[in-house]
Amino acid sequence: QSTWDLVRIPTTNPPGDAYEACARLLGERLAKRGFAVEYIRATGAPGDRDSHPRINVVARYEGQPGGECVHFNSHIDVVEAGSGWTTDPFGGEVRGGKVYGRGTCDMKGGLASSVIAYEAILEEGL
């Protein structure tokens with residue numbers, strides 16, 4: 001799972017498409033690493049409705065008591081693609097060492113980097 005996997009889920013806002021699919025992709029990866037994962041609907045938040053529920057994923061890894069706390073926060077929605085794309089805005093195409101698509105810079109690329117950082121921290125036992 002990486003930036004391109006996240007880009008391929010079109011979480012366009014408005015209207016708020018595919019939030020749950022994206023949240024579950026993230027949650028499943030983190031659960032495999034030992035995180036306690038919870039999916040929380042932002043009931044009553046602007047834009048939340050039955051046809052487009054605003055689903056958030058909260059993942060927590062319990063470390064050693066008294067240790068440092070590391071917190072990462074990101075969002076999964078992207079704005080409409082608009083016109084002028086030379087690649088599929090939801091294709092997550094990798095070309096010349098770069099990933100192309102909606103959310104690669106804001107914020108799916110950063111979110112993927114955060115997940116990789118969590119994994120590195122756990123692998124190093126920090």
Side-chain angles (χ1 to χ4, degrees):
Q1 176 183 354
S2 59
T3 300
W4 53 86
D5 293 317
L6 297 170
V7 168
R8 290 176 182 151
I9 301 174
T11 52
T12 304
N13 181 36
D17 291 331
Y19 282 31
E20 186 166 7
C22 193
R24 292 206 181 270
L25 178 71
L26 292 163
E28 289 166 8
R29 179 169 177 165
L30 293 170
K32 288 178 186 174
R33 291 292 191 155
F35 283 78
V37 175
E38 186 177 3
Y39 301 98
I40 301 171
R41 181 174 174 179
T43 304
D48 177 69
R49 54 193 178 284
D50 290 339
S51 63
H52 292 89
R54 300 291 173 118
I55 304 296
N56 295 285
V57 60
V58 177
R60 181 180 175 92
Y61 188 91
E62 193 66 43
Q64 297 296 320
E68 297 294 322
C69 175
V70 178
H71 172 89
F72 293 92
N73 183 31
S74 299
H75 64 88
I76 59 174
D77 64 320
V78 296
V79 298
E80 294 177 1
S83 62
W85 285 85
T86 58
T87 62
D88 177 354
F90 300 106
E93 180 182 334
V94 179
R95 187 176 34 167
K98 298 177 183 177
V99 182
Y100 292 86
R102 291 298 304 132
T104 54
C105 293
D106 179 20
M107 170 88 223
K108 291 179 177 182
L111 177 54
S113 297
S114 295
V115 171
I116 292 166
Y118 308 148
E119 293 170 344
I121 288 168
L122 293 175
E123 287 173 13
E124 292 299 317
L126 301 176

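Closest approach of Phe90 and Ala81 over heavy atoms only: CE1-CB, 4.3 Å. The two atoms that bring Pro53 and Arg41 nearest to each other are CB-NE, 3.6 Å, heavy atoms only. When all heavy atoms of Arg102 and Lys108 are compared, the closest pair comes out as O-CD, 4.3 Å. Nearest heavy-atom pair across Ser114 and Ser74 is OG-OG, 4.3 Å. The two residues Gly82 and Trp85 make their nearest non-hydrogen contact at O-CD1, 3.5 Å.
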Using a 3.5 Å cut-off and no angle test, enumerate the donor-acceptor pairs between side-chain atoms of residues 64-73 and protein atoms at least two apart in sequence or in another chain.
none

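Residue Thr104 holds its OG1 atom at 10.5 Å from NZ of Lys98, rounded to the nearest 0.5 Å. In this structure, the separation between CG on Asp50 and OG1 on Thr43 is 9.0 Å, given to the nearest 0.5 Å. One distance of note links OG1 of Thr11 with NE2 of His52; it measures 11.5 Å at 0.5 Å rounding. Separating the OG1 atom in Thr3 from the CE atom in Met107 is a distance of 10.0 Å, to the nearest 0.5 Å. Here the straight-line distance linking atom NE2 of His75 with atom SG of Cys22 works out to 11.0 Å at 0.5 Å rounding. Between the CD1 atom of Ile116 and the CG atom of Leu111 there is a distance of 10.0 Å, given to the nearest 0.5 Å.
A cation-pi arrangement is present between Arg95 and Tyr100, with the terminal nitrogen or guanidinium carbon under 6.0 Å from the aromatic centre and inside a 45° cone about the axis.
Proximity of Glu20 to Tyr39: side-chain heavy atoms (C-beta onward) are nowhere separated by under 4.5 Å. Side-chain contact check for Tyr61 versus Leu30: every heavy-atom pair is 4.5 Å or farther apart.
Contact check on Glu38 versus Arg60 returns no salt bridge, with no Lys/Arg side-chain nitrogen under 4.0 Å from an Asp/Glu carboxylate oxygen.
Other residues, nucleotides and ligands contribute over 12 non-hydrogen atoms within 6.0 Å of the CD atom of Glu119.
The side chain to side chain contact (heavy atoms under 4.5 Å, CB included) test applied to Arg8 returns Trp4, Asp5, not counting sequence neighbours.
Counting only distance, with no hydrogens or angles, the side chain of Arg54 and the backbone of Gly44 share no donor-acceptor pair below 3.5 Å.
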Next on the checklist: For Phe35 and Leu122: C-alpha separation, side-chain torsions, deciding distance, then whether side chain to side chain contact (heavy atoms under 4.5 Å, CB included) applies.
Outcome noted: CA-CA 11 Å; Phe35 283 78; Leu122 293 175; 3.6 Å; yes

Next on the checklist: Apply side chain to side chain contact (heavy atoms under 4.5 Å, CB included) to residues Val78 and Val7 and explain how you reach the verdict.
Outcome noted: CA-CA 9 Å; Val78 296; Val7 168; over 6 Å; no

Next on the checklist: Before you tell me yes or no, could you show the steps for Glu28 and Val37 under side chain to side chain contact (heavy atoms under 4.5 Å, CB included), namely the whole-Å CA-CA distance, both residues' side-chain angles and the distance that decides it to 0.1 Å?
Outcome noted: CA-CA 8 Å; Glu28 289 166 8; Val37 175; over 6 Å; no

Item to check | side chain to side chain contact (heavy atoms under 4.5 Å, CB included) between Leu26 and Ile76, intermediate numbers included | outcome: CA-CA 10 Å; Leu26 292 163; Ile76 59 174; 4.0 Å; yes

